[in-house]
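Below: one structure, written as structure tokens.
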Amino acid sequence: MAKFWLLKSEPGCYSISDLKRDKQTFWSGIRNYQARNYMRDAMAVGDGILFYHSNASPSGIAGLATVCKAAHPDRTALDPKDDHYDPKSSEKNPIWMMVDIAYQSTFSNLISLEQLHRYPELSGMVVLQKGSRLSVMPVEEAHFKFIQTLASIKRK
DNA sequence: GCCAACGTTGGC
DNA sequence: GCCAACGTTGGC
């Protein structure tokens, strides 16, 4: 049974349009153990992803993606010239992992954080909890489905 | 740009 | 192993 996730990205850094253009990408640069553990231990090919724009105006869920390759070492941690270089990581002990994701769709209207907060059905979502700073987090199936429905009925 | 919340680091 | 200092995230 597929699982569901939410991945955060600053659109100025990498947006849903970038993913659409690239068709797929590797989710490199995650340097938080809990986020890494989700990717390494729990994410599987075929899992659904809510693509979230953070630090944006407004922030919110921009579209859907899917996991297309399970966790493998994040090589940016091994490159001293890379912004995400981590001297604690090595070929033998890579520490940091990443998954590959594939583009699925862009919502015709972004579902803003403010809007997400309005639905009591979604109040349990990790991303809506105060001070939630995780960049990779699990999503309940019911929440995922609810958001899919919201995206399909929303019109401006 | 501010600042609250959180994670990490390092001295002890 | 405690905890203060520091860095980062991310909404606003």
Side-chain angles (χ1 to χ4, degrees), chain A residues 3-22 25-43 47-67 71-101 103-140 142-144 146-151 154 156:
Chain A
K3 294 177 294 298
F4 303 92
W5 307 94
L6 182 145
L7 298 192
K8 283 183 190 170
S9 181
E10 303 198 13
C13 180
Y14 195 87
S15 73
I16 190 84
S17 321
D18 295 320
L19 181 61
K20 182 177 188 180
R21 178 198 62 214
D22 296 342
T25 191
F26 30 83
W27 210 245
S28 64
I30 302 298
R31 299 293 178 265
N32 170 284
Y33 286 102
Q34 202 178 344
R36 178 209 60 185
N37 294 347
Y38 283 134
M39 291 197 294
R40 185 190 61 186
D41 306 331
M43 286 176 85
D47 284 359
I49 293 170
L50 301 173
F51 195 102
Y52 181 90
H53 283 175
S54 63
N55 257 321
S57 44
S59 294
I61 298 166
L64 300 177
T66 185
V67 177
H72 53 108
D74 181 347
R75 300 198 58 83
T76 65
L78 301 173
D79 179 359
K81 293 189 294 294
D82 196 280
D83 283 348
H84 298 289
Y85 175 61
D86 182 355
K88 295 195 296 302
S89 186
S90 66
E91 292 278 351
K92 281 197 205 71
N93 181 23
I95 304 183
W96 302 112
M97 308 290 281
M98 61 188 182
V99 296
D100 291 6
I101 70 170
Y103 174 79
Q104 257 185 347
S105 63
T106 304
F107 293 164
S108 49
N109 299 105
L110 177 132
I111 304 176
S112 70
L113 237 204
E114 191 260 330
Q115 212 182 143
L116 294 170
H117 276 296
R118 262 191 246 145
Y119 296 94
E121 294 91 331
L122 299 177
S123 62
M125 284 188 80
V126 184
V127 73
L128 299 182
Q129 307 313 306
K130 194 166 85 166
S132 152
R133 297 190 311 156
L134 262 186
S135 55
V136 175
M137 61 183 89
V139 174
E140 287 171 32
H143 293 155
F144 191 91
F146 189 89
I147 286 162
Q148 268 186 314
T149 308
L150 263 189
K154 198 175 170 240
K156 256 245 163 82

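Letters A, B, ... are given to chains in the order of the sequence lines, protein chains preceding strands, and every chain is numbered from 1. Bear in mind the structure is a predicted one, so any value in this text is a computation, not a measurement.
Side-chain contact between A:D47 and A:F4 is absent, with no heavy atoms from C-beta onward closer than 4.5 Å. A 4.5 Å side-chain heavy-atom check between A:T25 and A:D100 finds every atom pair outside the cut-off.
Here the options are A:W96, A:F51, A:W5, the test is ring-ring contact (aromatic ring centres under 6.0 Å, His included), and the partner is A:W27; only A:F51 passes.
Remark on DNA chain B: of its neighbouring residues A:R31 and A:K130, the 5'-side contact belongs to A:K130, judged by nearest-heavy-atom nucleotide.
A 6.0 Å sphere centred on CZ of A:R40 holds more than 12 heavy atoms belonging to other residues, nucleotides or ligands.
Between A:F146 and A:Y119, the two ring planes are perpendicular [angle over 60°; tilted spans 30° to 60°].
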Each nucleotide of nucleotides 5-12 of chain C classed B (base within 4.0 Å of a protein heavy atom), S (only sugar-phosphate) or -, in 5' to 3' order, makes --BBBBBS
